[in-house]
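Shown next, in structure tokens, is the structure this report addresses.
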Amino acid sequence: MLRSVLFLVVTLAASPALAAATDWQELAPGVRARLIASGPVENGRMLAGLELDMPSSTNTYWRIPGETGIPTILDFSGSAGVANAEIRWPFPLIEETQGYRDFVYRGPTVIPIELALDSAQAGLDVAANLGICEEMCVPVTARFALPLDTEADPAQSIRLRQALALAPIDWREETNAVGAITPAPSGDGIQLHDLAPGIDPAQLIADAGDANLLFGAPQKSPEAAIWTLPLLGGPGNSNLVGRAIVLTFLTSSGAYTANATVGPAAN
């Protein structure tokens, strides 16, 4: 009898940690999602992510959806033992359809989340709100819970690191990403002066931190080295001076982000 009890204890102690993924949840016909994680914590930090399995004909949206979409929002407030969760958004596709500009993800997508843990018994709880669009957009809500005491999962770690490589990093070049941002003379947008070499204006997104302030595609101005971003509705220049702008853009070496402030109108 004693040997049986000892065998049971050893078996339980040797049982593997939980798998580093939740079950798939169906969000819409042909679209499913799950949470994944990289495995054991390193220096109190680990990677997790929302994995979306979508056909290429279906899309969801970036944190800023554009003119017609639904923003993707991930809420971590139900988590335990998580000191900080930072979403590292991969650079989106910029699509112009029927005169509308949207920022989307198509096909299989992983949105990585960098976690700082303050407990060995941490658990990630994510409430997701997003749009799933094919011919029509459907708002979707889902909730996922994943214990973070997981075994190492090389496959998930590779997926997460590949997605993380697509996320913009801070611009740290000697030359500023933009020389100055000023209100457009027309009163309905901003102007970017002296973009750094290598920045593709067609792959640039300006974010004013306000859902009511959406900028259109950069347009080359007659003046040299100036690009105008029209404001698609909302207040005019008087409300833009002094406003912080986050620029997210592509270069030949990858995606970057830079912060700037709208200065006074150019003389």
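All residue numbers refer to positions in the sequence shown, counting from 1. Model, not experiment: these values are computed from the prediction.
Summarising the geometry, atom CG belonging to Asn129 is positioned 6.0 Å from atom OG1 belonging to Thr141; distances are rounded to the nearest 0.5 Å.
Under the 3.5 Å distance criterion, the side-chain polar atoms of Ser79 are matched with a main-chain donor or acceptor of Asp125. Side chain of Asn176 to main chain of Val178: no donor-acceptor pair is present (N/O by atom type, distance under 3.5 Å, no hydrogens or angles). Under the 3.5 Å distance criterion, the side-chain polar atoms of Thr257 are left unmatched by any main-chain donor or acceptor of Asp170. A distance-only check finds no donor-acceptor pair linking the side chain of Asn43 to the backbone of Arg45 [under 3.5 Å].
Applying the side-chain contact (heavy atoms from CB on, under 4.5 Å) criterion to Thr97, with sequence neighbours excluded, gives Glu95. Every residue two or more places apart in sequence or in another chain was checked for a side-chain contact (heavy atoms from CB on, under 4.5 Å) with Ser252, and none qualifies. Residues meeting the side-chain contact (heavy atoms from CB on, under 4.5 Å) test with Ala217, sequence neighbours left out: Glu96, Arg101. Considering only residues two or more places apart in sequence or on other chains, Trp227 meets the ring pair (Phe, Tyr, Trp, His ring centres under 6.0 Å) condition with none of them. Thr68 meets the side-chain contact (heavy atoms from CB on, under 4.5 Å) test with Tyr61, Tyr100, Asp102; sequence neighbours excluded.
Within the structure, disulfide (SG to SG under 2.5 Å) contacts touching residues 77-115 (residues at least two apart or in different chains) do not occur. For the disulfide (SG to SG under 2.5 Å) condition, the pairs that include at least one residue of residues 90-153, sequence neighbours left out, are Cys133-Cys137. Among residues at least two apart or in separate chains, there is no disulfide (SG to SG under 2.5 Å) pair with a member in residues 160-193. Every pair tested for salt bridge (charged side-chain N to carboxylate O under 4.0 Å, His left out) that includes a residue from residues 245-262 fails, sequence neighbours excluded, so the list is empty. Note on residues 27-104: no pairs pass disulfide (SG to SG under 2.5 Å), not counting sequence neighbours. The salt bridge (charged side-chain N to carboxylate O under 4.0 Å, His left out) analysis of residues 245-254, with sequence neighbours excluded, yields no pairs.
For Gln156 and Arg159, the side-chain atoms include at least one donor-acceptor pair closer than 3.5 Å.
A perpendicular orientation is assigned to the rings of Trp171 and Tyr256, their planes being inclined by more than 60° (bins at 30° and 60°).
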List the atom pairs, with distances to 0.1 Å, where a side-chain N or O of residues 108-117 and a protein N or O form a donor-acceptor pair under 3.5 Å, not counting sequence neighbours.
| unit_1 | atom_1 | unit_2 | atom_2 | d |
| --- | --- | --- | --- | --- |
| Thr109 | OG1 | Gly107 | O | 3.0 |
| Glu114 | OE2 | Arg88 | NH1 | 3.4 |

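Salt bridge absent: Arg34 and Asp23 never bring a charged side-chain N and a carboxylate O closer than 4.0 Å.
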